Amino acid sequence: MKHSQILVSAKMTNTGKDLSEETREHIEVNNLDAYEPLPQGVLSEDISQEALPQERYLQNKSYSAGLNNIVTLSKDATLRSNVLLYEDHAGYHQSTANYYGGLTPTTLETTEGTKLRTLRIVPTLKYEENGTERFISNELKYSFEQQIIENEVVTNGIGITERSRIIPSFIKNYLSSSFKLGKTMLQINSLLRYANRREELTTTADSLLLYNSTENLATHSMMTRNVLTTSIPMFGNDLDLSLQAYYKNNSYNYQEDIWHRTFKLQGEPGYTWKYYKQSYVTFGLPFEWTKVSLSTKDKRLSARDFVTFKPYFNLQQVLTSNLSLNISSSISANDNALDFYALKPLREGYRDLQITGNDIYKSTHMHASFHLRYRNIATMLFANLSFAYSDTKREAYSHYEYNDSMTIMTWVKGKNHRYNTAVNAMVDKTFIPIGLSLKLDATYNRSSYLVSQSGIMVNNYSHHASGTLTTSFQKLSWLRLSAAFTANYFWERSQIMRLSVLSSYTTNIALYVFPTKKMELKMKFYNLTNEITDGHYHTCGLLDGDFNYKINNVWELGLSGTNLLNSKSYTITQNMGINIFNTSLPLRGREIILRLQLRL
């Protein structure tokens with residue numbers, strides 16, 4: 001139409017694929033002021049947490065639809081509106097064997113069948129004006145969701161039924177505006193949001209009254225963030241200035257209300273000095289005043305305020321025409337807020353209890369990185385070498401007590417120091433005359449963190465080393481071939497336990513054949529081999545195929561198959577601290593899909 005456009009979309013699938021991305025909240029890397037994490041509550045709303053892509057094991061019937069409209073109000077202004085709808089019925093099964101270390105070790109064997117029903121509707125209205133003197137963007141969004149999760153569990157011979165009902169909703173308005181004030185450009189970003197989350201948990205057991213319970217929880221959250229930024233020319237470069245005011249008021253309803261209030265006022269001066277072509281230095285010294293309080297209807301439980309400095313530094317140096325160097329570092333501090341506060345134990349599942357306490361804790365974080373990059377387009381040789389180090393100190397730690405019947409997690413005041421070291425190296429070479437490319441990646445990660453459980457407190461050291469060799473061949477116009485092999489090694493070390501090194505190997509081969517201009521054949525093979533116990537491995541081979549034939553410019557015929565080898569299960573063992581987790585996941589069987597595509 002002349003002054004408006006309408007787009008209607010609809011999708012549905014029962015192949016395990018995820019159609020919910022369009023209705024989820026996302027982080028925009030270039031606009032972090034527009035994002036604020038939603039309240040997490042107590043109950044988990046994500047059942048798909050496995051290492052494999054969910055389309056390999058998830059049985060679902062998923063639908064999504066969208067109605068989008070854009071209207072031109074003037075030569076500079078538009079009004080967009082859309083309504084997104086998502087519905088899903090999904091489920092899968094798994095078997096686990098978990099070993100929890102401590103003075104009294106506990107082994108828990110569980111088989112579980114999970115079903116999830118989700119309904120989500122997201123209407124949005126956005127006004128945008130982009131003129132020569134100003135820019136205005138205002139988005140109003142509402143989201144309503146209902147999730148029902150049902151688990152049928154057999155754990156150590158006890159049958160349990162667990163049902164969760166979660167209803168999260170929110171309404172938010174985000175304003176972004178840029179305009180001139182004299183010769184100065186000002187930018188204002190303002191986020192205002194109210195969120196409501198209701199949760200209900202019901203558990204029943206066939207032989208243990210301890211697991212029979214009903215919990216009703218509610219979280220209400222109101223927050224606002226307002227940011228004013230500008231740049232002032234100074235010494236041939238720009239001095240960036242930012243002022244931010246942040247306020248959040250969360251209330252948690254568990255037999256009696258608890259309010260958690262946070263107010264932050266931050267000023268950030270930052271300067272970028274460009275001294276040679278693509279070489280520059282960026283540094284800043286943000287300062288922040290934070291005031292946090294916890295209270296009930298009758299009294300204040302605790303309160304705290306502190307001033308922190310958050311300096312950062314970034315150096316980008318061009319050493320030669322092919323070699324560049326990047327060095328960065330930052331220090332930050334924040335209050336270590338929990339997802340939920342209650343004066344009584346919270347039941348998070350049929351056997352999980354959390355004791356939150358009523359204290360306010362602080363955390364500090366330091367990060368430093370070094371990155372060396374080599375690029376030679378003439379020889380098609382690329383290489384990277386990077387080091388990264390992070391150090392986080394918290395004033396509290398989580399303590400776990402495991403037994404055959406219950407898991408109790410308690411927040412304890414005390415030193416909690418965690419640090420991580422990461423090294424990454426990459427070399428990529430392409431031989432253009434023969435159409436061959438080779439790429440080698442190698443990484444190593446080492447993290448140290450406190451483990452407190454079942455009468456033991458110890459610092460644990462977790463190690464992960466991996467290497468990947470990737471090659472591709474594209475010399476022939478009718479043939480493309482790529483292959484990748486990855487080897488991973490994991491090991492845990494502490495003063496009380498040295499768990500065995502576990503390895504996993506992944507082979508990924510893809511073959512593309514184009515016999516004619518109208519015909520193409522794609523074959524992909526994945527082989528995953530995981531070490532389950534010392535020297536014993538489980539292998540899972542997955543073969544997929546896809547054939548397309550273009551009849552004409554309107555019609556196209558396709559035939560695709562997944563898991564053609566009909567692999568039955570995927571098994572993996574993971575070590576964490578002084579615990580060992582083994583998971584066996586039944587896979588979707590062999591599937592063939594015939595499709596006919598029409599282009600209008």
Side-chain angles (χ1 to χ4, degrees), residues 27-30 32 51 53 270 272-284 311-332 365-392 418-448 461-475 480-491 501 503-510 526 528:
I27 299 177
E28 297 182 29
V29 178
N30 58 352
L32 296 179
T272 300
W273 176 37
K274 299 179 182 178
Y275 55 90
Y276 176 73
K277 293 183 179 179
Q278 297 181 358
S279 299
Y280 60 87
V281 176
T282 301
F283 53 89
Y312 62 88
F313 171 84
N314 183 51
L315 168 67
Q316 177 71 31
Q317 175 67 52
V318 176
L319 302 176
T320 68
S321 59
N322 299 323
L323 188 64
S324 63
L325 171 70
N326 181 271
I327 299 175
S328 65
S329 63
S330 64
I331 300 176
S332 62
H365 179 75
M366 183 187 73
H367 175 81
S369 65
F370 169 88
H371 187 195
L372 194 63
R373 182 174 66 176
Y374 177 83
R375 299 180 64 194
N376 192 327
I377 299 179
T379 61
M380 293 299 290
L381 176 63
F382 307 90
N384 291 316
L385 177 64
S386 64
F387 300 88
Y389 174 81
S390 63
D391 188 309
T392 303
R418 182 185 186 113
Y419 61 86
N420 178 267
T421 303
V423 183
N424 177 266
M426 185 277 290
V427 178
D428 188 349
K429 171 64 177 175
T430 300
F431 303 91
I432 297 178
I434 60 175
L436 180 67
S437 67
L438 295 173
K439 182 180 179 181
L440 178 63
D441 282 284
T443 62
Y444 170 73
N445 283 273
R446 179 181 184 268
S447 60
S448 171
Y461 299 90
S462 179
H463 305 261
H464 174 213
S466 68
T468 301
L469 176 62
T470 305
T471 181
S472 64
F473 176 74
Q474 301 185 45
K475 182 62 175 178
R480 294 179 185 175
L481 178 65
S482 64
F485 175 77
T486 301
N488 289 282
Y489 300 92
F490 309 86
W491 63 100
V501 177
S503 60
S504 68
Y505 306 96
T506 303
T507 302
N508 189 337
I509 300 175
Y526 308 89
L528 304 102

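We number each residue from 1, following the sequence as shown. Every heavy atom of this structure was used, including side-chain atoms; hydrogens, water molecules and symmetry mates were not. Keep in mind that this is a model prediction, so the values were computed, not measured.
- The ring-ring contact (aromatic ring centres under 6.0 Å, His included) test with H464 singles out one residue from Y444, W491, Y489, F490, and that residue is F490.
- Using a 4.5 Å cut-off on side-chain heavy atoms (C-beta onward), Y374 and L381 make contact.
- The line from CG of N326 to CD of Q316 is 5.0 Å long, rounded to the nearest 0.5 Å.
- P433 approaches K475 most closely through the heavy-atom pair O-NZ, 2.9 Å.
- A donor-acceptor pair shorter than 3.5 Å can be found between the side chains of T392 and H365.
- Both tests hold for K429 against F431: distance to the six-membered ring centre under 6.0 Å, angle to the ring axis within 45°.
- To the nearest 0.5 Å, atom CG of residue N384 and atom CZ of residue F382 are 10.0 Å apart.
- In this structure the side chain of L372 reaches within 4.5 angstrom of the side chain of L319, judged on heavy atoms.
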Please determine whether side-chain contact (heavy atoms from CB on, under 4.5 Å) holds for the pair M366 and Y389, giving the CA-CA distance in whole Å, both sets of side-chain angles, and the decisive distance to 0.1 Å. CA-CA 8 Å; M366 183 187 73; Y389 174 81; 3.6 Å; yes
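- Between T272 and T282, the shortest heavy-atom distance links the atoms OG1-OG1, 3.3 Å.
- Here the CG-CD1 distance, from N322 to I377, works out to 8.5 Å after rounding to the nearest 0.5 Å.
- Rounding to the nearest 0.5 Å places CH2 of W273 at 14.5 Å from OH of Y280.
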Between F387 and T421, is the side-chain contact (heavy atoms from CB on, under 4.5 Å) condition met? List the steps. CA-CA 8 Å; F387 300 88; T421 303; over 6 Å; no
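- With a 6.0 Å radius and a threshold of 12 heavy atoms from other residues, nucleotides or ligands, Y276 has its OH atom at or below the threshold.
- Every residue two or more places apart in sequence or in another chain was checked for a side chain to side chain donor-acceptor pair (under 3.5 Å) with S482, and none qualifies.
- If you take OH on Y505 and CG on N488, they are separated by 9.5 Å, rounding to the nearest 0.5 Å.
- With no hydrogens or angles considered, no side-chain donor-acceptor pair links Y312 and N314 at under 3.5 Å.
- A pairwise comparison of heavy atoms in I434 and F473 identifies O-CE1, 3.2 Å as the closest pair.
- Counting heavy atoms from C-beta outward, L315 and F283 have side chains that stay 4.5 Å or more apart.
- The CZ atom of R375 lies 10.0 Å from the CE atom of M380; values are rounded to the nearest 0.5 Å.
- Looking at R480 and S472, their side chains never come closer than 4.5 Å, going by heavy atoms from C-beta outward.
- Judged by distance alone, the side chain of T471 and the main-chain N or O of S437 form a donor-acceptor pair under 3.5 Å.
- Take S330 and apply the side chain to side chain donor-acceptor pair (under 3.5 Å) test, not counting sequence neighbours, and it matches no residue.
- Within the 4.5 Å cutoff, the side chain of F370 has heavy atoms near those of the L325 side chain.
- Judged purely by atom type and a 3.5 angstrom limit, K439 has no side-chain atom pairing as donor or acceptor with the backbone of A484.
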